[in-house]
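See structure below.
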Amino acid sequence: MSAENDPAQRVAIGISFGNSYSSIAFTTGDGKAEVIANEDGDRQIPSILSYVSGEELHGGQAKSQLLRNSKNTVAYFRDFLGQEFKSIDPSPCHQSAHPVDHESSIAFKIQDTEEDKENTVTVSEVTTRHLKRLRNSASDYLGKSVNAAVITVPTNFAEAQKTALNKAAKEAGIEVLQFINEPVAAVLAYDARPDAKLADKILVVADLGGTRSDIAVVASRGGIYTFLATIHDYEVSGFVLDQVLIDHFAKEFLKKHKSAGDPRENDRSLAKLKLECEAVKKALSIGTSANFSVESLAGGVDFTSTVNRSRYDLLANKHFTAFARLVTHAVEKAQLDPLDISEIILAGGNSHTPKAASALAYAFPESTTVLAPSTSPTAINPSELSVRGAAIQASLIQEFELEDIEQSTHPMVTVTPHLSHAVGVLCISADESSGIFNPIIDAETPLPVRRTAIIATPREGGDVLIKLAEGLRHIKITKPEPKAKTEKEPSSDDDSDEDSEEEEERREKTWKVGTVLSEAALKGIKKGGKVEVQINISADLAVNAIFREVGGKGGVRGILQGGKTTQNGSA
Amino acid sequence: MTSVQINLPLPVLPQGWAGEKDFKSVGQLSQANDRNIEPVGPHFLAHARRKRHKRTFSEDDRIQAQANVKKVEDDDAGEISEPEDPLMLQREAKDWKGQDHYAVLGISRYRWKATEDQIKRAHRKKVLKHHPDKKAAAGGTEDDQFFKCIQKATEVLSDPVKRRQFDSVDEAADVEPPSKKEAQKGNFYKLWGKVFEAEGRFSKKQPVPKLGNEKSSKPEVENFYNFWYDFDSWRTFEYLDEDVPDDNENRDQKRHVERKNQNARRKKKTEDTARLRKLVDDCLGTDERIKLFRQQEHAQKNKRRFEKEAEQKRLAEEATKAKEEQAKLTAEKEAAEKAEKAEGKKAKEAAKNAAKKNKRVVRAAVKEANYFHSGGDAPAAQIDSALNDVDLIITKIDNEELAALTSKLNGKKGAGDITAIFKDEAKRLVGAGKLKEGETKSLA
């Protein structure tokens, strides 16, 4: 055991354990995360286990068993972990082994041995087996026995669920170094790219998964991330998108073969339809049209059809706009404006769909970048975002003692005061009404913080006044013409009036000057010289500012202590 | 974090602005919101480091920078930075047996711990420096002796068999066992630990157990000494063999030398085993833990003995106590019996007296009842039979019944009443089977 807990002996990977799919990744020597393919060559490994006369099938092989052997196939079990039977939604398991109540936890009744009898397998046991398979795949790939991992979880994963997952992982021989939230893992995956620039920004991570969608508004300040709001939704998901296609093809089928009966009314036909529809959905993310072909769909009739992307977009438009609405709700919940959002990161398997990205791009102003494969060529594969983040985090912390990690993730360290307003300088004019506020440190920046700004001076140099102030973000709305009332775009009926009105108005992000903090004078600036301002704000809101000319000597230093000034002097 | 660039110019200092040392504070920051930051990413780690060690930004920057610099040095330093002994550079290649191969390659700080990779890299570095072509180009002599030394050293160290032979006799890697005085100064574990670590390199069994420290458990310590008393060494002494002369010169001479070598090897091996044995003995002799364990064992044994004795004592005490109790009980019982006996006598006497008195009363009652004769003076015969009957009754009934009868008779004056009482009594006795029907004629 000691060898396993010894940080030097650790081989750590990142695991993204989802309801529908899981993935594993490791970090190469040069700090790049690489997603590991399992024995079948899958990078997205279905979180499904199936038992055929005592043999355990996993991943894609198990998924195909949903057709023939659905009773002994366990799927969509992640969210059941650590829950009680009364609090779960078993509907995704309709076509696989059904969950049952078992000693205040959840279990599945499956034939997992060669004997012809049903065994009760608890959800934590299923998870252990699943993680064991993932671990084996990673060990085979790396040629080293993997014994530790960082695992991503949704932001609403309760402590009991984490404990249950930790236990299941331990039994699978994996020491869980840390649980990290999926949205942050996605942000980290983007920020860890070598060409990524560290900027203060607010981003939205929109995860459109198989059984649920999760939206998180994250403030990224100097590489430190803070959640501002999260929303979870179980209505908008990959399932409903599949359902759209299922209904479409079922209708097509009925049109041609009336006598064969509705394939949706037969369990096996439905399972076939569902599997094929998922494949069609994936194909439509890549190509503009996709073939649908199932042998003996219903009543022994083979069925082949095609669907093009615009058709699918039209059919599923309702759900994509609902998804975009969900994102705007999350932004509202964080008490922000769409203009505040500089990036939207699309995550989850269904984010490959171009329409998902375009629906979001439509709902947000142009200043917001949507990071999805269809909108940005540099985007990372959305299915791999969280596992990449987990792998990067794993490589960062694998050398630490577990105790160290625990201490660092303790609320003592993580709970931090955040600036409620931006802090910046007034330019052009010192007058509060006519001066233009330029933020140096944005709102929601965790304290303590240190930032430097280089500011231009009047062309002729001379003496300047540096006025530090708090800034209030203000959305300026200008209505260009009164006839803006008429709806220009024939948007779909789901689009609310509010949305279209927003399109008409010109909305701008401006700053209003709040409380003035301090004034400082720098004298005798050279012609064309620049001024460097360094602001240190400590956790108790004390401000320590240093003003100096770039390349010059000396300078002015001022301290505002905890809100009260007591001391100032020359630096 | 790169600095923010602001391209708008700063305002010109207004006329008459004045502040103490050019700084004037005006307001204060608004209250901050407490939020949870996500414990993820390199920048969070930096934040956690600062917060946990209570460092400021600049302090943390400085400490991290120092740590990074040190790391680079360690990586780079290693095998190349060892200074070369000028005497070593003068060595002749033919004396290769006497040279310290590790020192030649500049990895004497690693010695037997050096990995194959380290040896290879060290060799390459040395070759680059000492290659004869380079020396010639620098205008030096054609002296390639040291280069040959390097080649020889690499030849020995990169062949596992030859390297073991050399390591076996590599005295520079040995650690002198500490003297008793040194070990007593409190660094017993440190000093001896190094000795055993060095000796452990000869073990066929790996890993070698560690000496441990004062907190090691008894099985650990026992395992350690057992290991060293059963030490299985691969150490050989072929390296110190005398050179065997070429076979075509003299076969006898060759065989003689070979035999001599064999004997020398065996002798050295025995000596080495004895040396190691003594070493372990010395260490064991001064190991405080062994003493402690012995004391503990002793204490354990004593404790058991004390417990046994205490148990026996307690049992004996209990036995005597029980005996005393028994005696006390018997005495009490006897006294009680005696008292009871006396009481019984008295009661009997009293009962007798009472009975006498009762009898008298009964007889008197008969008289009162006119000897059960109805009307007039009773005839003698009647008196006689009545008295006889009453006496019969008295003899048949016991004292209590007599007392009851007496109480009934007491206070009764009427002859009829008394007669009725007697009749009742007679009937009762008949009923009880003590008296035969018609035996008391006078009461019939």
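Chain letters run A, B, ... following the sequence lines, proteins first, then strands; residues in each count from 1.
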Please look at [X] and chain B and tell me whether the side chain, the backbone, both or neither of the residue comes under 4.5 angstrom of a heavy atom of that chain.
X	answer
H421(A)	side chain
P439(A)	backbone
Q534(A)	neither
P446(A)	side chain
V425(A)	side chain

Quiz prompt | Any side-chain heavy-atom pair of D34(B) and P417(A) under 4.5 Å | solution = yes

Check the surroundings of atom [atom1] in [X]: do more than 12 heavy atoms from other residues, nucleotides or ligands lie under 6.0 Å from it?
X	atom1	result
Q206(B)	CD	yes
R193(A)	CZ	yes
R49(B)	CZ	yes
Q335(A)	CD	no
Q296(B)	CD	yes

So, taking the atom named [atom1] in [X] and the one named [atom2] in [Y], what distance separates them when rounded to the nearest 0.5 Å?
X	Y	atom1	atom2	result
L541(A)	Q31(B)	CG	CD	6.0 Å
T416(A)	F44(B)	OG1	CZ	7.5 Å
I6(B)	I440(A)	CD1	CD1	4.5 Å
R221(A)	H43(B)	CZ	NE2	14.0 Å

When you measure from the side chain of [X] to the backbone N and O of [Y], does any donor-acceptor pair fall under 3.5 Å?
X	Y	answer
Q178(A)	P39(B)	yes
Q393(A)	G41(B)	yes
E470(A)	S30(B)	yes

Can you give me the closest heavy-atom contact between [X] and [Y], atom names plus distance?
X	Y	value
M412(A)	K51(B)	O-CE, 3.4 Å
P42(B)	L188(A)	CD-CD1, 4.0 Å
H47(B)	L447(A)	CE1-O, 4.2 Å
I224(A)	I37(B)	CG2-CD1, 3.7 Å
L426(A)	L10(B)	O-CD2, 4.0 Å

Under 4.5 Å to a heavy atom of chain A? For T56(B) that would be neither

Honestly, the part of R35(B) sitting under 4.5 Å from a heavy atom of chain A is both

Option that, when pairs with chain B are counted at under 4.5 Å, heavy atom only, ranks first among [options]:
options	answer
G389(A), A453(A), A185(A)	A453(A)
V415(A), L517(A), V413(A), L419(A)	L517(A)
V218(A), N536(A), L228(A)	L228(A)
T414(A), L468(A), V150(A), L522(A)	T414(A)
I436(A), D191(A), V449(A), I441(A)	V449(A)

query = Distance only, no hydrogens: is a donor on one side chain within 3.5 Å (strictly under) of an acceptor on the other, for N33(B) and S420(A)?
reply = no

* Asked: So, R450(A) and D60(B), do they make that salt bridge, N to O below 4.0 Å?
  -> no

